[in-house]
Amino acid sequence: MQSSPNQLSRCNDVRNGINVRVFANAVDANTCVATEMAALIRQRAQDGKACVLGLATGSTPVGVYRELIRMHRDEGLSLQNVVTFNLDEYFPIQPDAPQSYVRFMNEHLFDFVDIDRKNIHIPDGTHPLDSVAADCCEYEKQIADAGGIDIQILGIGRTGHIGFNEPGSGRNGLTRLVKLNSLTRNDAAAAFGGLEKVPKSAITMGVKTILSARKIRLLAFGEHKASIVEQAVCGSVSDAVPATFLQGHQDVQFLLDEAAAEKLVSNQNESGDSC
Ligand code: PGA
């Protein structure tokens, strides 16, 4: 018998206000998040309302999108009432570039579900520099006009970035143009075919934009994320690790595989707390 998504996590603990859930593997964590999204999408559809999703790119959320596609194909999940806002986009970039997040979202989700294309929002990497500030204000307005984000999906970068809010990004930041950190650019170098081809800038929702979401679900998999996950959950709240700002959110979960949770488990004290 298949276990229900709520039974999938092996450990479920609240640390510094973050609900930390550890799963046997990434597939179970992805299923859990996708099932929560699908339940809200269906609930809102029954009520004749939209469901507003904040979406992320990178390798981490691909499994969530795969599961949503499966539910659409096999279980009749419709995304017609879904409105999406992506976290970020490189700047400058053309939407058909292999590394563009427009292309990523089409190839990993949008081309395989029945979402209405006019409900998709991704920061525009094609406009001239002098119109980006106005675009960013408009992006914030579109999120507000949609009623705010119901569920925001996040990955976490090795710098502790969420979206492209690199170290030094404050709690009150809104959607804006940012410079990319060198570690982040290095991590993207293979995808661009060399560091010198990685854009130096990006447009990203700010930390405040992200914290405005009603629910936040951060996924992290693999031992290379263990150290930054520990800092995000256990570290003092500071712009040195922007993910620590999530500690102040009213409904935030970190969904981890065992490798990403490894440092949280290994420094657990006798009372079971790890921070
Ligand atoms: P990744 O990136 O999912 O490719 O690890 C996460 C991030 O940088 O936010």
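Count residues from 1 along the sequence. Only a predicted model underlies this, so the values are computations on that prediction, with no experimental measurement involved. Just so you know, ligand 1 is whichever comes first in the structure, and atom 1 is the first atom listed for that ligand.
Close approach of ligand 1 to G58 is summarised as follows: ligand atoms under 4.0 Å from at least one heavy atom of the residue are 3 (O), 4 (O). For ligand 1 and G157, the ligand atoms under 4.0 Å from any heavy atom of the residue are 7 (C), 8 (O), 9 (O). Close approach of ligand 1 to G155 is summarised as follows: ligand atoms under 4.0 Å from at least one heavy atom of the residue are 9 (O).
In I162, neither the side chain nor the backbone holds a heavy atom less than 4.0 Å from any atom of ligand 1.
Ring geometry, F164 versus Y101: the interplanar angle falls under 30°, so the pair is classed parallel (tilted spans 30 to 60°).
Residue, atom and distance of the protein heavy atom nearest to atom 6 (C) of ligand 1 are I156 O, 3.6 Å. Taking atom 2 (O) of ligand 1 as the reference point, the nearest protein heavy-atom neighbour is K225 NZ, 4.2 Å. Annotation: atom 3 (O) of ligand 1 to nearest protein heavy atom, T60 OG1, 2.4 Å. H161 NE2, 3.4 Å is the protein heavy atom nearest to atom 9 (O) of ligand 1.
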Review point. Should K225 and D257 be marked as a salt bridge (charged side-chain N to carboxylate O under 4.0 Å, His left out) after you check the CA-CA gap, both sets of side-chain angles, and the distance that decides it?
Key: CA-CA 10 Å; K225 296 290 172 82; D257 66 1; over 6 Å; no
Exercise for review: List the steps, then state whether side-chain hydrogen bond (donor to acceptor under 3.5 Å, both in side chains) holds for R117 with N106.
Suggested key: CA-CA 10 Å; R117 294 266 160 184; N106 286 336; 2.8 Å; yes
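Residue contacts with ligand 1 do not include R158, since none of its heavy atoms lies under 4.0 Å from the ligand.
In this structure, I151 and R217 approach most closely via the heavy-atom pair CG2-CG, 4.1 Å.
Between the side chain of D116 and the main chain of K118, a donor-acceptor pair closer than 3.5 Å is present. A donor-acceptor pair under 3.5 Å links the side-chain atoms of T244 to the main chain of S238, judged by distance alone.
Rounding to the nearest 0.5 angstrom, the gap separating the CG atom in L211 from the CD1 atom in I162 is 6.5 Å.
Looking at ligand 1, you won't find any N or O of T57 less than 3.5 Å from one of its N or O atoms.
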